[in-house]
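By convention here, the first residue in the shown sequence is residue 1.
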Amino acid sequence: MRLTKLGHACVRLEKGGLNLVIDPGIWSGPDALAGANAILITHEHVDHLDAASVLAALAAEPGLRVWTNAAVAAQLADAADRVHVVRHGDTFPAAGFDIAVYGHEHAVIHRDIPVIPNTGFVVDGEVFHPGDALTVPEDGISTLLLPYNAPWLKVSEMIDYAREVAPRRAYAIHDGLLNDRGLGLMQNLLNVAAAPSGAEYARLEPGTTVEL
């Protein structure tokens, strides 16, 4: 399986010539959905869901399907027959990948801001994309897509979360709000998160592909 980091919280996974895209939002890049065979969406915030682009991709590719929660599905109602609603505990195949669903709610930003649904996805028992939550999968995973910087996230929480999940490797996501200085600082803090285990924790530049 190959993983390509796209903009902000979006990644593409490729296996056997098929492509799975997770969280194509407004900062993911113009070609985030090019060649997609399946789409997973964790929640409705625009940095994870560019509804217009997803609907355009569905219109252009009859075989394309989406899996997400009910709140996101409501925004994609114009293509309702191609959007599958999933929830915690579900499993399903998508574009040759085996998907397991974890989690219920977005992390709290502030008590005055309503909490929305958030749906994390484990792909092939290997890669976990938690969306905007610090969900710990019940089964161990090798590769964590680690939220890096967000209005709902403290650095101490990021470090403790990475250590609790304890993946063999972690790649930073949710980095679109950071300038070069912030990215440099956060790399140092990733090293702190990884220190007890010596695991590989890194941020990939958008467009970078790694073999898993």
Side-chain angles (χ1 to χ4, degrees), residues 1-6 8-16 18-25 28 32 36-45 47-49 64-73 83-107 116-148 150 152-153 157-158 160-175 193-194 197 199-204 209-212:
M1 176 165 44
R2 303 173 71 199
L3 180 149
T4 300
K5 169 72 165 68
L6 302 176
H8 191 54
C10 186
V11 299
R12 180 186 296 117
L13 297 169
E14 186 273 331
K15 183 179 71 173
L18 297 175
N19 292 291
L20 173 70
V21 176
I22 307 178
D23 278 6
S28 300
N37 302 104
I39 303 169
L40 309 179
I41 301 170
T42 63
H43 66 286
E44 64 195 82
H45 288 158
D47 55 329
H48 297 254
L49 166 64
L64 184 59
R65 297 290 186 272
V66 176
W67 286 262
T68 188
N69 58 53
V72 172
V83 179
H84 305 277
V85 174
V86 296
R87 56 190 55 84
H88 178 79
D90 287 348
T91 59
F92 57 91
F97 296 88
D98 293 320
I99 313 298
V101 182
Y102 289 90
H104 301 278
E105 294 183 338
H106 192 287
I116 62 170
N118 182 88
T119 305
F121 298 100
V122 172
V123 181
D124 278 357
E126 162 79 14
V127 179
F128 182 44
H129 193 309
D132 281 8
L134 301 179
T135 304
V136 178
E138 296 163 13
D139 300 313
I141 49 97
S142 297
T143 304
L144 174 64
L145 301 177
L146 177 62
Y148 201 47
W152 51 268
L153 183 64
E157 294 171 334
M158 180 271 287
D160 289 343
Y161 175 61
R163 292 179 179 180
E164 184 176 2
V165 176
R168 194 164 67 241
R169 66 181 75 85
Y171 296 117
I173 58 169
H174 217 282
D175 54 4
S197 65
E200 175 195 355
Y201 290 9
R203 174 184 175 267
L204 304 174
T209 297
V210 294
E211 296 280 349
L212 301 180

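Scanning all heavy atoms of the two residues, the minimum distance from A94 to I99 falls at CB-CG1, 4.1 Å. Counting all heavy atoms, side chain and backbone alike, V21 lies closest to C10 at CG1-SG, 3.7 Å. In this structure, Y201 and A162 approach most closely via the heavy-atom pair OH-O, 3.5 Å. Looking at every heavy atom in both residues, V83 comes nearest to A73 through CG1-CB, 3.8 Å. When all heavy atoms of L146 and A170 are compared, the pair lying nearest together is CB-CB, 4.4 Å. Here the closest non-hydrogen pair linking A38 and A95 is CB-CB, 3.7 Å.
Side chain of N37 to main chain of N19: a donor-acceptor pair is present (N/O by atom type, distance under 3.5 Å, no hydrogens or angles). Within the 3.5 Å criterion, the main-chain N or O of R203 finds no donor-acceptor partner in the side chain of K5. At least one donor-acceptor pair closer than 3.5 Å links the side chain of N118 to the backbone N or O of P130. Remark: side-chain polar atoms of D23 are paired, donor with acceptor, to backbone N or O of T42 under 3.5 angstrom. With hydrogens and angles disregarded, a donor-acceptor distance shorter than 3.5 Å links the side chain of D90 to the backbone of R87. Remark: side-chain polar atoms of D124 are paired, donor with acceptor, to backbone N or O of D98 under 3.5 angstrom. A side-chain donor-acceptor contact under 3.5 Å links H129 to the backbone of A9.
For the atom pair T143 OG1 and E200 CD, the distance stands at 8.5 Å (nearest 0.5 Å). We find the OH-CG distance between Y161 and L144 to be 5.0 Å, quoted to the nearest 0.5 Å. One distance of note links CD of E44 with OG1 of T68; it measures 9.0 Å at 0.5 Å rounding. Distance CZ/F97 to CG/L20: 5.5 Å, rounded to 0.5 Å. Separating the CG atom in L145 from the CZ atom in R169 is a distance of 11.0 Å, to the nearest 0.5 Å. How far OH of Y148 is from NE2 of H8: 13.5 Å, rounded to the nearest 0.5 Å.
Ring planes of H48 and H174: tilted class, angle from 30 to 60°. Under the 30°/60° scheme for interplanar angles, the aromatic rings of F92 and W67 are found to lie parallel. Relative orientation of the H104 and H88 rings is tilted, given thresholds of 30° and 60° on the angle between their planes.
For the pair V11/Y171, no side-chain contact is recorded, criterion being any heavy-atom separation below 4.5 Å from C-beta on. Between L134 and W152 there is a side-chain heavy-atom pair separated by less than 4.5 Å. Residues M1 and V127 meet the side-chain proximity criterion, which asks for heavy atoms closer than 4.5 Å. Using a 4.5 Å heavy-atom threshold, the side chains of L3 and L204 count as touching. Counting heavy atoms from C-beta outward, I22 and V123 have side chains that approach closer than 4.5 Å. Counting only heavy atoms from C-beta outward, the side chains of R12 and L6 approach each other to under 4.5 Å.
Residue H43 is tested with N69, D132, T119 for a side chain to side chain donor-acceptor pair (under 3.5 Å); the sole match is D132.
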